[in-house]
Amino acid sequence: MSTPPLAASGMAAGPFGGPQAQQAAREVNTASLCRIGQETVQDIVYRTMEIFQLLRNMQLPNGVTYHTGTYQDRLTKLQDHLRQLSVLFRKLRLVYDKCNENCGGMDPVPVEKLKQKNQQLKQIMDQLRNLIWDINAMLAMRN
């Protein structure tokens with residue numbers, strides 16, 4: 001899964017090449033960062049499952065003759081997965097730090113207040129739906 005870069009370093013600012021345009025090009029929307037973080041967590045889970053699958057299929061060298069080529073291949077694969085997992089964790093840390101930086105001045109909203117706002121929005125949407133349905137019914141009666 002490829003994800004967009006966190007910062008557009010090395011990109012030209014375009015025809016409006018001022019410092020504000022460069023700053024805007026470097027800033028990333030917090031919602032996009034959260035999506036990148038979610039994809040990174042999914043990648044971490046997938047890689048971890050692959051590592052456990054490799055470990056489950058590996059035989060312990062307990063006196064049994066073991067083909068060294070197969071062992072080396074599996075060991076190399078395992079080391080590669082662990083290296084990629086390390087990179088993914090570093091990426092997740094960067095995303096986490098950037099999100100905290102972007103949301104530093106925000107006060108957390110209590111869950112109950114969010115539920116109340118969601119309920120209000122649902123009521124407004126229901127009222128709008130009913131209004132649109134009534135208007136469509138009146139227009140249908142006219143024709």
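Nothing here was measured: the structure is a model prediction, and the numbers come from that model.
I124 and I132 are members of different hydrophobic clusters when ILVMFWY side chains are connected at heavy-atom separations under 4.5 Å. Note on Y96: it does not cluster hydrophobically with L85, by side-chain heavy-atom contacts below 4.5 Å among ILVMFWY residues. At a threshold of 4.5 Å between side-chain heavy atoms, the hydrophobic network of Ile, Leu, Val, Met, Phe, Trp and Tyr places F89 and I51 in one connected group.
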Exercise. Under the side chain to side chain contact (heavy atoms under 4.5 Å, CB included) criterion, do N118 and K115 qualify, and how do the steps go?
Worked result: CA-CA 5 Å; N118 284 344; K115 286 181 180 179; 5.6 Å; no

Exercise. What's the verdict on side-chain hydrogen bond (donor to acceptor under 3.5 Å, both in side chains) for R35 and Q38, showing C-alpha distance, side-chain angles and the deciding distance?
Worked result: CA-CA 5 Å; R35 183 185 47 81; Q38 179 184 8; over 6 Å; no

For this session: Walk me through it: do L139 and I135 pass the test side chain to side chain contact (heavy atoms under 4.5 Å, CB included)?
Result: CA-CA 6 Å; L139 289 174; I135 290 172; 4.0 Å; yes

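In this structure, CG on L121 lies 11.0 Å from CD on Q116, to the nearest 0.5 angstrom. Of the inter-residue distances, the one linking C99 atom SG with I36 atom CD1 reads 8.5 Å to the nearest 0.5 angstrom. The distance from the CG atom of D43 to the CG atom of L88 is 5.5 Å, given to the nearest 0.5 Å. Taking NE2 of H81 as the reference point, atom CZ of R47 lies at 6.0 Å (rounded to 0.5 Å). Of the inter-residue distances, the one linking L33 atom CG with K98 atom NZ reads 7.5 Å to the nearest 0.5 angstrom. With values rounded to the nearest 0.5 angstrom, K117 atom NZ is found 9.5 Å from L114 atom CG.
Between D97 and R93, at least one side-chain nitrogen of the basic residue sits less than 4.0 Å from a carboxylate oxygen of the acidic one, meeting the salt-bridge criterion.
In this structure, the salt bridge (charged side-chain N to carboxylate O under 4.0 Å, His left out) partners of D126, at least two apart in sequence or on a different chain, are K122, R129. The side-chain hydrogen bond (donor to acceptor under 3.5 Å, both in side chains) check on T48 picks up nothing, with sequence neighbours excluded.
Side chain to side chain, Q42 and Y46 fail the donor-acceptor criterion of an N or O pair below 3.5 Å.
Looking at R74, its side chain does come within 3.5 Å of a backbone N or O of N57 through a donor-acceptor pair. Panel note: side chain S86, backbone L82; no donor-acceptor pair is recorded below 3.5 Å.
At least one side-chain heavy atom of V45 sits less than 4.5 Å from a side-chain heavy atom of M49.
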